[in-house]
Amino acid sequence: LGMIGVGSQNRIHMEFGIASYAHTLEIAAMADCLKPSLVAGVKTLFPSASPVASQPSDPRDAMKAFANSHCYLDYREMLDKEGDAIDAVVIATPTSLHQQMVLDCLDAGKHVFCEKNMGHTYEGCRDIVKKVHETGKVLQVGHQRRYNPEYPRGARVSERRTTGPRGDNRRAMAPIRRLEATRACVS
């Protein structure tokens with residue numbers, strides 16, 4: 001996998017989603033235009049190899065500290081240099097960047113998981129769907145918080161009908177209420 005954007009959302013994917021498939025998935029590279037996000041992404045990916053006391057100011061230093069990682073400030077460079085080492089990408093960047101990134105990744109022959117929204121206009125989304133059909137690659141659009149570990153925890157609390165320490169389960173139930181409201185809108 002190649003990770004595009006390694007801010008908090010993609011780090012959640014790395015910690016709670018991808019990590020559970022570590023026996024079949026490997027994060028081969030990551031790209032982010034912000035150096036601190038790259039450093040944080042590398043530390044998330046290799047938590048046990050984090051003896052570095054201070055954060056490196058250059059992501060290339062983080063790359064040296066973690067021999068198996070490949071960090072890029074430009075996702076296009078990652079796609080070019082990593083080539084066949086990446087089968088798929090996970091995109092979690094500002095939504096205004098999604099459309100072009102998805103198109104570029106599909107053109108590079110990669111399967112794509114992209115956080116919502118895949119585009120800001122109907123035409124932009126149609127272009128992506130057309131590209132998916134042209135390339136034969138898979139595109140999945142993730143929905144915010146769908147993979148957040150708070151939601152399954154809220155579901156377990158709901159099933160047990162238990163309450164929090166103050167006898168109040170509003171916080172634990174909030175994800176379930178939002179999910180139920182979303183389902184009601186879709187039905």
Side-chain angles (χ1 to χ4, degrees), residues 1-50 52 55-120 123-143 146-147:
L1 286 176
M3 308 298 284
I4 299 178
V6 283
S8 60
Q9 188 62 44
N10 244 351
R11 289 197 308 269
I12 286 174
H13 289 311
M14 287 192 286
E15 287 182 70
F16 299 105
I18 296 167
S20 59
Y21 295 96
H23 59 287
T24 57
L25 291 175
E26 175 189 350
I27 296 175
M30 58 180 67
D32 198 303
C33 63
L34 301 174
K35 290 177 183 183
S37 292
L38 273 175
V39 171
V42 170
K43 286 183 177 184
T44 300
L45 187 56
F46 301 101
S48 61
S50 210
V52 183
Q55 290 189 354
S57 60
D58 184 344
R60 306 284 178 194
D61 295 339
M63 249 177 37
K64 292 173 189 169
F66 306 107
N68 293 328
S69 69
H70 300 273
C71 299
Y72 299 90
L73 293 171
D74 187 325
Y75 74 95
R76 292 166 294 219
E77 181 184 2
M78 179 186 79
L79 293 172
D80 289 342
K81 289 188 177 176
E82 296 293 332
D84 292 338
I86 298 174
D87 299 317
V89 296
V90 180
I91 300 173
T93 61
T95 58
S96 61
L97 305 174
H98 288 181
Q99 180 185 344
Q100 190 58 54
M101 288 179 167
V102 169
L103 291 171
D104 290 343
C105 291
L106 291 169
D107 279 336
K110 310 304 177 201
H111 299 287
V112 178
F113 174 92
C114 181
E115 282 295 332
K116 69 164 178 84
N117 300 336
M118 66 183 202
H120 281 287
E123 293 78 17
C125 292
R126 292 296 307 158
D127 290 344
I128 291 173
V129 171
K130 208 162 43 171
K131 185 65 71 178
V132 166
H133 290 291
E134 286 173 14
T135 62
K137 296 299 175 184
V138 174
L139 166 68
Q140 179 179 343
V141 179
H143 293 275
R146 173 68 179 92
Y147 303 101

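Since the structure is predicted, the reported quantities are computational estimates derived from the model, not experimental observations. Any value given below was found using the heavy atoms of this structure, including those in side chains, with hydrogens, waters and symmetry copies removed.
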*asked:* Using 0.5 Å steps for rounding, measure from the CZ atom of F113 to the CE atom of M3.
replied: 9.0 Å

*asked:* Checking D80 against E77 for the side chain to side chain contact (heavy atoms under 4.5 Å, CB included) test, could you report, in this order, the C-alpha distance in whole Å, the side-chain angles of both residues, the deciding distance, and whether it holds?
replied: CA-CA 5 Å; D80 289 342; E77 181 184 2; 5.7 Å; no

*Should I4 and M101 count as side-chain neighbours, where that means a heavy-atom distance under 4.5 Å?*
yes

_Pair Y72-M30, side chain to side chain contact (heavy atoms under 4.5 Å, CB included): steps then yes or no_ = CA-CA 6 Å; Y72 299 90; M30 58 180 67; over 6 Å; no

*What pair of heavy atoms forms the shortest contact from C105 to I91, and how long is it?*
SG-CD1, 4.2 Å

*To the nearest 0.5 Å, tell me how far Q99 CD sits from D104 CG.*
10.0 Å

*Rounded distance [0.5 Å steps], CD in Q100 versus CG in D107*: 8.5 Å

_From L103, V141, L139, residue fulfilling side-chain contact (heavy atoms from CB on, under 4.5 Å) relative to V112_ = L139

*Flag, side chain of H98 to backbone of G119, donor-acceptor distance under 3.5 Å*: no

*Using modelled atom types only, decide if a donor and an acceptor are shared between the side chain of D32 and the backbone of V6 within a distance under 3.5 Å.*
yes

_Nearest-0.5 Å distance that lies between atom CG in L79 and atom CZ in R76_ = 9.5 Å

*Distance-only polar pair, side chains of H120 and S96, donor-acceptor under 3.5 Å*: no

*Point-to-point distance, once rounded to the nearest 0.5 Å, from CG of L97 to OH of Y75*: 8.0 Å

*Of the non-hydrogen atoms in C71 and L38, which two are nearest, and what is the gap between them?*
CB-CD2, 4.0 Å

*Considering non-hydrogen atoms only, spot the tightest contact between A92 and E115 and give its length.*
CB-CG, 3.9 Å

*Please answer whether the main-chain N or O of G83 pairs with a side-chain N or O of K110 as donor and acceptor at a distance below 3.5 Å.*
yes

*Drop me the distance from M118's CE to D127's CG, to the nearest 0.5 angstrom.*
9.5 Å

*Determine the minimum heavy-atom distance between L1 and I86, stating which atoms define it.*
C-CG2, 4.1 Å

*asked:* Under a 4.0 Å threshold between the charged nitrogen and the carboxylate oxygen, would E134 count as salt-bridged to K131?
replied: yes

